[in-house]
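The chain is numbered in sequence order, starting from 1. Atoms within a ligand are numbered from 1 in the order they appear, just like the ligands themselves.
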Amino acid sequence: MNISLILTKQCNLRCKYCFETHENVFMTEETALRAIDMAVGENDGFVGVSFFGGEPLLCKPLIYKCVEYSKRFADVKFSWNMTTNGLLFDEEFLDFARNENIDIAMSHDGLMTRTNRLYANGKDCLAALDEKLGLLLQYRPGAFIMATATPETVGIVNESMQYLFASGVRRLNLAIDARPSAGWDEDSMDILSNQLAMLGEYILKKYTNGEDVYFNPFEEKILAITKDRKCHICQLGMRKPYIDWDGNIYPCIQFGGMEKYRMGSVKEGINFARRDSIYQSSLKKPSFCEGCAMRKRCVNDCACLNYQQCGDTAEVSGQQCRYQQILITRADEMARKMLEADERHFSERYLSPSKQKQ
Ligand code: SF4
Ligand code: SF4
């Protein structure tokens with residue numbers, strides 16, 4: 001069983017696109033350990049735990065405690081990961097994370113940070129993030145970095161992704177600010193499309209020079225063809241329930257605090273009938289997706305994104321549809337050129353890709 005622990009809603013940043021409430025609430029040790037007990041009780045020899053927030057590194061002692069507690073379950077294999085802004089990294093924690101094999105995904109927007117990622121006093125955190133990114137890459141050279149673009153910063157997406165790759169990042173993801181208030185329109189989507197075309201050319205150049213870098217939104221679209229697999233499978237609530245800071249369980253982070261989506265607690269356990277009904281209600285897809293040639297490669301099934309944008313887990317916004325089409329088009333352009341440039345390299349990378357390790 002996999003679980004996500006929302007250790008706190010508080011954060012040391014105030015990113016402009018953040019959907020968090022930044023309340024001063026923190027998961028207690030009792031709740032966290034009960035959540036682990038619950039996951040162990042449901043396990044088939046494997047438990048995956050994700051530390052999430054807010055900013056989970058505000059709760060470092062609790063992370064240490066959870067990992068220590070897991071050692072008593074000798075017959076269960078644990079895997080750990082966390083999503084963090086990284087500002088509270090220090091050598092002690094990164095050493096611990098390396099020793100305990102905690103996969104770390106760090107958020108960093110490259111040069112877009114200057115506009116969107118601010119401290120409470122309004123100052124941007126680019127210099128501090130760069131320093132922490134350097135430290136992370138010393139310990140985990142293959143760490144996954146996650147960026148977010150907004151209409152305000154869309155004109156420097158390419159420059160920002162190149163900035164991160166030049167800083168030593170090898171695996172990079174890009175999301176777009178999904179809040180309905182973000183203000184994406186035709187013009188900003190066109191700019192995004194052009195930016196991603198330029199980024200594709202940059203990655204191609206790296207590839208032809210034998211310096212592979214991985215831009216996940218393109219990679220998953222290409223692998224969906226070469227490895228014949230669906231891009232993203234949401235499985236709302238089924239794969240990884242979210243344990244909120246107070247012990248209530250929800251199908252995903254966006255639904256925290258919503259009674260309609262509560263599916264148990266660490267005291268009661270998971271209400272499986274409720275979980276199944278929430279999952280079933282997310283499966284229907286809009287009629288305009290039927291017959292779409294991009295369907296298999298489209299991430300239109302992210303229930304929390306759909307809910308955020310349309311108020312319905314089974315609806316897909318025009319913005320998300322357009323973003324997916326841009327990604328698939330630009331990924332295909334890049335892949336075609338890679339194949340033409342070096343067929344053997346392409347086959348190694350996309351037909352039998354080795355797992356990228358942290
Ligand atoms: S680092 Fe994450 S949780 Fe913190 S303000 Fe930024 S987006 Fe929100
Ligand atoms: S690209 Fe648009 S129409 Fe096609 S499957 Fe995705 S959301 Fe549906």
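Here the heavy atom of the protein found nearest to atom 2 (Fe) of ligand 2 is C321 SG, 2.4 Å.
Close approach to H22 involves these atoms of ligand 1, each under 4.0 Å from a residue heavy atom: 5 (S), 8 (Fe). The ligand atoms of ligand 2 that sit less than 4.0 angstrom from a heavy atom of C298 are 1 (S), 5 (S), 6 (Fe), 7 (S). For ligand 2, the atoms closer than 4.0 angstrom to any heavy atom of R295 are 5 (S). For ligand 2 and V316, the ligand atoms under 4.0 Å from any heavy atom of the residue are 7 (S). Heavy-atom contacts of Q325 reach the following atoms of ligand 2: 1 (S), 2 (Fe) (cutoff under 4.0 Å).
Checking N85 against E55 by side-chain atom types alone, a donor-acceptor pair falls below 3.5 Å. Between E152 and T150, the side chains place no donor N or O within less than 3.5 Å of an acceptor N or O (distance only, hydrogens not considered).
S160 places a side-chain N or O within donor-acceptor distance of the main-chain N or O of M112, the cut-off being under 3.5 Å.
With a 4.0 Å cut-off on non-hydrogen atoms, C289 touches ligand 2 through its backbone as well as its side chain. No part of Q320 comes within 4.0 Å of ligand 2, judged by heavy-atom distances.
The nearest N, O or S atom of C292 is not closer to atom 6 (Fe) of ligand 2 than 2.8 Å.
In this structure, M258 and Y250 approach most closely via the heavy-atom pair O-CE2, 3.4 Å. When every heavy atom of M82 is checked against every heavy atom of P56, the shortest pair comes out as CE-CG, 3.8 Å. The minimum heavy-atom distance linking Q320 with S317 is given by the pair N-OG, 3.0 Å. For the pair G257 and D244, the tightest heavy-atom approach, listed with the atom from each and the gap, is N-OD2, 3.9 Å.
For atom 6 (Fe) of ligand 1, the neighbouring protein N/O/S atoms at less than 2.8 Å, given as residue and atom, are C15 SG.
Put simply, atom 5 (S) of ligand 1 has protein non-hydrogen atoms near it, under 4.0 Å away.
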